[in-house]
Each structure stands twice: as structure tokens, then as C-alpha cells.
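Report on the following structure.
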Amino acid sequence: MIDDIMLQAEERMQGVLNSLGNNFSSVRTGRANAMVLDRIRVDYYGVPTPVNQMAGVKAPDAHMLVIEPWDKGVLGAIEQAILASDLGVTPSNDGSVIRLPFPTLTEERRRDLVKQCKGYAEEARVGVRKARQDANAAIERSVKEDNLPEDDERRAQAEVQKLTDKYVAEVDEAFKKKEAEVMEI
């Protein structure tokens, strides 16, 4: 019973860490990265479709992305979706491809992006702590319902705390890496 609770808590904490990775990948750094387009959805014949599923995305250099849709009829829709997003880049459409020039980030913009990443990291820490809180509540319930000894309860809660500390440290490490990446010129 306790093992199931621990496994479930670890799965939730790992899910929080995966979500943090997805959030971090959407924050653009000084280099062009096709992953910034992952969240942009284009209305493709009535279905919201990610850009990378309807076009080839290439990075010919560090400050440019080139989007080449397989169906040239959606060029305008892709361009509009990029303009409507919070990407902060103006696309240029030449009729066959869309070019996204990524200007070098200013120091102020880099600091804003680090603040955004810090917010994502704090959300992840809160998610890990919430998983710990739920696991501890489940442990207490199982002690009452299944008449488990209190020593097992304390031992299990200590294990949950170790797990929590491990995942909070991983969140902090991921944030430090992303901060260094964003601040790098």
C-alpha cells in the first residue's frame, strides 16, 4: 500500500518536471530554436494543428528559422498564428516559405525571460510539494484504515520528503541551466 503511494507520488513529481521542461523549451534564448513553435497552433481545415506537423522547420543560422509548409495554401494562416502569438518575432512571407528572424536579445529582455523561467520553476516546486502533501495524506489515511504501525507512517513520510527534496533539487538545477542559457550572449 505504501509502495503504491510512493510510486504515485514519484510519477506526479516526474510529470511536474516534464511539464517544467516543456515550459522552458518554449522560452526563446538568443538562438533560433524550432521548439518555440511547438505551442503555436494553426487552424488547418478547422483543426488546430501545431506548425511542426504541417511544415518543415529549419534553422539555417543561429538567428533565423525557416518554415516551409507542405501545403502552400496555409502560408497566410501560419503567418497570422505567429503574429497572434507572444513570440515577439515578425514573420516575413515570400510566397513559398516564412522566415522568422530572431534579433539578438537585449539585457533587459534577457532579465524578463529569466523572471518568466523563475515563475515556471516556482510553479514546478509548488507542484512537487502538492504531490508530497497528497502522498502524506494518503499515508495517514492508510495508517488509519489499514491499521499500519505509526513507525511505518513516519518512515514513509521520511521517504516522501527525500523524494520531494530530490525533485526540488532537480527543478533548481533545471532553472540554473536555463538561466545560464538565456543570459548567455
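Just so it is clear, the model here is predicted, and its values are computed rather than measured.
- The CG atom of D146 lies 12.0 Å from the CD1 atom of I139; values are rounded to the nearest 0.5 Å.
- A pairwise comparison of heavy atoms in W70 and N52 identifies CH2-O, 4.0 Å as the closest pair.
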Can you list the steps and then say if K177 with E181 is a salt bridge (Lys or Arg N to Asp or Glu O under 4.0 Å)?
CA-CA 6 Å; K177 276 179 160 175; E181 186 181 319; over 6 Å; no

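- Between K166 and E10 there is a salt bridge, since at least one side-chain N of the basic residue sits less than 4.0 Å from a carboxylate O of the acidic one.
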side-chain contact (heavy atoms from CB on, under 4.5 Å) assessment of L37 paired with L65
CA-CA 10 Å; L37 299 173; L65 281 181; 4.2 Å; yes

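- Checking side-chain atoms of S19 against main-chain N and O of G15 turns up no donor-acceptor pair under 3.5 Å.
- A81 and I40 make their closest contact through CB-CG2, 3.8 Å (heavy atoms, listed as atom of the first residue, atom of the second, distance).
- Of all non-hydrogen atoms in E68 and S96, the two that sit nearest each other are CG-O, 4.2 Å.
- Salt bridge D165/K162: absent, no basic N to carboxylate O contact under 4.0 Å.
- Atom CG in L163 sits 12.0 Å away from atom CZ in R12 (nearest 0.5 Å).
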Could you go step by step and tell me if F175 and V114 meet the side-chain contact (heavy atoms from CB on, under 4.5 Å) rule?
CA-CA 9 Å; F175 171 69; V114 167; 4.2 Å; yes

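- Taking CE of M183 as the reference point, atom CD of E107 lies at 4.0 Å (rounded to 0.5 Å).
- Every residue meeting the side chain to side chain donor-acceptor pair (under 3.5 Å) condition with E122, not counting sequence neighbours, appears here in chain and number order: R125.
- There is no side-chain donor-acceptor pair under 3.5 Å between Q116 and D112.
- Under 3.5 Å, the side chains of Y167 and D172 contain no donor-acceptor pair of N or O atoms.
- Here the NZ-CG distance, from K178 to N23, works out to 10.5 Å after rounding to the nearest 0.5 Å.
- The shortest side-chain heavy-atom distance between M54 and V74 falls under the 4.5 Å cut-off.
- The backbone N or O of V66 lies less than 3.5 Å from no partner atom in the side chain of R99, so there is not a single donor-acceptor pair.
- Within the 4.5 Å cutoff, side-chain heavy atoms of R41 are placed close to those of P50.
- Between the side chains of N136 and E140, not a single donor N or O lies within less than 3.5 Å of an accepting N or O.
- D43 and A77 get closest at one heavy-atom pair: O-CB, 4.5 Å.
- Between G76 and N93 the shortest heavy-atom distance is N-ND2, 4.3 Å.
- Dense packing is recorded around NZ of K72, with more than 12 heavy atoms of other residues, nucleotides or ligands lying under 6.0 Å away.
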Do M6 and V160 pass the side-chain contact (heavy atoms from CB on, under 4.5 Å) test, and can you show the C-alpha distance, the side-chain angles, and the key distance before you say yes or no?
CA-CA 7 Å; M6 296 294 292; V160 169; 3.3 Å; yes

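- T49 places a side-chain N or O within donor-acceptor distance of the main-chain N or O of V47, the cut-off being under 3.5 Å.
- Atom CG in L100 sits 4.5 Å away from atom CD1 in I82 (nearest 0.5 Å).
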Q8 and D4: CA distance, side-chain angles, deciding distance, side chain to side chain donor-acceptor pair (under 3.5 Å) verdict:
CA-CA 6 Å; Q8 195 173 19; D4 293 341; over 6 Å; no

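- Using a 4.5 Å heavy-atom threshold, the side chains of R141 and I5 count as separate.
- Salt bridge status for K130 with D134: present, with a side-chain N to carboxylate O gap under 4.0 Å.
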Quick one, V97 with D94, criterion side-chain contact (heavy atoms from CB on, under 4.5 Å). Give me CA distance, side-chain angles, the key distance, then yes/no.
CA-CA 6 Å; V97 297; D94 69 3; 3.5 Å; yes

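- Among I98, V42, I78, the single residue meeting the side-chain contact (heavy atoms from CB on, under 4.5 Å) criterion with P69 is I78.
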Between E123 and K118, does the salt bridge (Lys or Arg N to Asp or Glu O under 4.0 Å) criterion hold? Intermediate values first, please.
CA-CA 9 Å; E123 286 175 21; K118 192 177 270 188; over 6 Å; no

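- Counting all heavy atoms, side chain and backbone alike, C117 lies closest to F24 at O-CE2, 3.5 Å.
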Step by step, work out the side chain to side chain donor-acceptor pair (under 3.5 Å) result for N22 and Y120.
CA-CA 10 Å; N22 290 338; Y120 290 146; over 6 Å; no

